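Structure first, then comments.
Everything quoted here is computed from the prediction, not taken from an experiment. In what follows, residues are counted from 1 in the order of the sequence shown.
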Amino acid sequence: MKLCRFGAAGAERPGVVLAGSNDLLDASAFGEDWNEAFFGQGDDGLARLTTWVRTNGAAAPRINASTRLGPAVARPSKIVCIGLNYRGHAKETNAAIPSEPIVFQKASSAWHAAGDDLVLPRGSVKTDWEIELAFVIGKRASYVTPEAALDHIAGFALHNDYSEREYQIERGGQWTKGKSADGFASFGPYLVTRDAFPAFGNAHVWLDVNGERKQDSSTSDLIFDIPTLVSYLSRFMTLLPGDVVSTGTPAGVGMGHKPPVFLRAGDVVTYGVDGLGDVRQKIVAGEPV
């Protein structure tokens, strides 16, 4: 099953993509948003939704294909990210392979629809792209074993972990500061449930800027795989239903080019993960300093 949220920013309604088609179904009558309360029901929430679709899907309103899609889940309690988690990305940044996952968080105020324009932060000169595979927690996770980790995942989605490298590296070395501008957690357009995306461990991940391929890799290049990440993070924090974990970006970021290349107003960023969809974002100028 694919979940989505549609409508005006800040007033999105829940939707579902019908299996075997591209029809977008308005699931407002189901009575719940895709948020912590919904995912907190574990598999029961998705099971009830599946039953509702089977019973009511034929009569439910369809969503016009031109309708704006928002973030595929409501703003989470936390967005947890993993740094330097692709071998190729570690190599291009001249970093040693980490012995443990590098963990940071993005402010939840960065939550953003993947198809909406990205406004550059005020005065930014080093905004960079980072296509990532993200997953959403479907069941409270605390001290979870790797063997039980997948039971705590509701589904998978695209995430662009946009990063302002000057803020991240040259302003005291604090990653969260360079990762949390408005729009820097671009997520969606769909959440694909775990059962419908078995290829998460070997999925093609790609990103283009102005039609030129910049990132082209596979999640098979991850240093720490997804079960390991769930287990590791759950030792240090409780992962709540609806929380988002972003698994890291492959080689090809702007900072890794020689010389480095960063985003400018007018650029168009297109990216995707095979099986999860693809999106197009336009980069627009922020306010002058």
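- Glu164 and Val125 make their closest contact through OE2-N, 3.2 Å (heavy atoms, listed as atom of the first residue, atom of the second, distance).
- The structure places CZ of Arg48 at 4.0 Å from CZ of Phe30, a figure rounded to the nearest 0.5 Å.
- For Asn22, the CG atom sits in a loose shell: 12 or fewer heavy atoms of surrounding residues, nucleotides or ligands are nearer than 6.0 Å.
- A salt bridge does not link Arg264 with Asp267: every distance from a Lys NZ or Arg NE/NH1/NH2 to an Asp or Glu carboxylate oxygen is 4.0 Å or more.
- Side-chain contact between Ile97 and Ile223: present, with at least one pair of heavy atoms (C-beta onward) separated by less than 4.5 Å.
- A donor-acceptor contact closer than 3.5 angstrom links the side chains of Ser124 and Thr127.
- Side-chain atoms of Gln281 and Tyr271 form a donor-acceptor pair, as typed in the model, at a separation below 3.5 Å.
- Looking only at side-chain heavy atoms (C-beta outward), Arg140 and Glu36 stay at 4.5 Å or farther from each other.
- Between Lys139 and Asp151, none of the side-chain N atoms (NZ, or NE/NH1/NH2) sits under 4.0 Å from a carboxylate O, so this pair counts as no salt bridge.
- Taking all atoms of both residues into account, the shortest heavy-atom contact from Ala110 to Ser180 is CB-O, 3.8 Å.
- Taking CZ of Phe197 as the reference point, atom NZ of Lys2 lies at 10.5 Å (rounded to 0.5 Å).
- Between Phe200 and Phe156, the two ring planes are parallel [angle under 30°; tilted spans 30° to 60°].
- A donor atom on one side chain and an acceptor atom on the other are found under 3.5 Å apart for Ser246 and Glu132.
- Hydrophobic clustering (ILVMFWY, side-chain heavy atoms < 4.5 Å, transitive): Val16 and Tyr190 are in distinct clusters.
- Legend: salt bridge (Lys or Arg N to Asp or Glu O under 4.0 Å) pairs involving residues 66-89, not counting sequence neighbours, sorted by first then second residue: Glu12-Arg68, Arg68-Asp116, Lys78-Asp243.
- Cation-pi geometry between Lys177 and Tyr167 is not satisfied (NZ or CZ under 6.0 Å from the ring centre, within 45° of the ring normal).
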Worked verdict on Val253 versus Gln215 for side-chain contact (heavy atoms from CB on, under 4.5 Å): CA-CA 7 Å; Val253 299; Gln215 294 182 277; 3.8 Å; yes

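- A donor-acceptor contact under 3.5 angstrom links the side chains of His204 and Asp216, judged on distance only.
- Atom CE of Met1 and atom CG of Asp195 lie 8.0 Å apart (nearest 0.5 Å).
- Side-chain contact between Thr270 and Val279 is absent, with no heavy-atom pair separated by less than 4.5 Å.
- Here Thr219 contributes atom OG1 and Ile226 contributes atom CD1; the two are 6.5 Å apart, rounded to the nearest 0.5 Å.
- Leu150 and Pro227 make their closest contact through CD2-CG, 4.2 Å (heavy atoms, listed as atom of the first residue, atom of the second, distance).
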CA sep, side-chain torsions, deciding dist, call: Ile137, Phe135, side-chain contact (heavy atoms from CB on, under 4.5 Å): CA-CA 7 Å; Ile137 296 297; Phe135 59 85; 3.9 Å; yes

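- In this structure, Lys179 pairs ionically with Glu130, as a charged nitrogen and a carboxylate oxygen lie closer than 4.0 Å.
- Taking the charged nitrogens against the carboxylate oxygens, Arg62 and Asp26 have no contact shorter than 4.0 Å, which rules out a salt bridge.
- Closest non-hydrogen pair, Ala149 versus Val230, comes out as CB-CB, 3.7 Å.
- Note on Glu170 versus Lys126: salt bridge recorded, some NZ/NE/NH1/NH2 to OD/OE distance being below 4.0 Å.
- Taking every heavy atom of both residues into account, Pro250 and Val205 meet most closely at CG-CG1, 4.2 Å.
- Going from atom CG of Leu118 over to atom CG of Leu263 covers 7.5 Å, rounded to the nearest 0.5 Å.
- A donor and an acceptor atom, one from each side chain of Asp225 and Thr228, are located under 3.5 Å apart.
- Taking the charged nitrogens against the carboxylate oxygens, Arg165 and Asp128 do have a contact shorter than 4.0 Å, which makes a salt bridge.
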Worked check of side-chain contact (heavy atoms from CB on, under 4.5 Å) between Asn56 and Leu25: CA-CA 10 Å; Asn56 301 281; Leu25 182 155; over 6 Å; no

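- Classification of Arg122 and Glu287 as a salt-bridged pair holds, one side-chain N sitting under 4.0 Å from a carboxylate O.
- Taking the six-membered ring wherever Trp is involved, the centroid distance between the rings of Phe187 and Trp111 falls below 6.0 Å.
- Ion pairing between a basic and an acidic side chain is recognised when a charged N comes within 4.0 Å of a carboxylate O; Lys214 and Asp208 show no such pairing.
- Rounding to the nearest 0.5 Å gives a distance of 8.0 Å between CZ of Phe224 and CD1 of Ile102.
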Candidate pair His89 and Leu84, rule side-chain contact (heavy atoms from CB on, under 4.5 Å), full reasoning: CA-CA 6 Å; His89 182 45; Leu84 296 175; 3.8 Å; yes

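- Pairing each heavy atom of His159 with each of Ala185, the nearest pair is NE2-CA, 3.4 Å.
- The side-chain heavy atoms of His152 and Leu239, taken from C-beta on, include no pair separated by under 4.5 Å.
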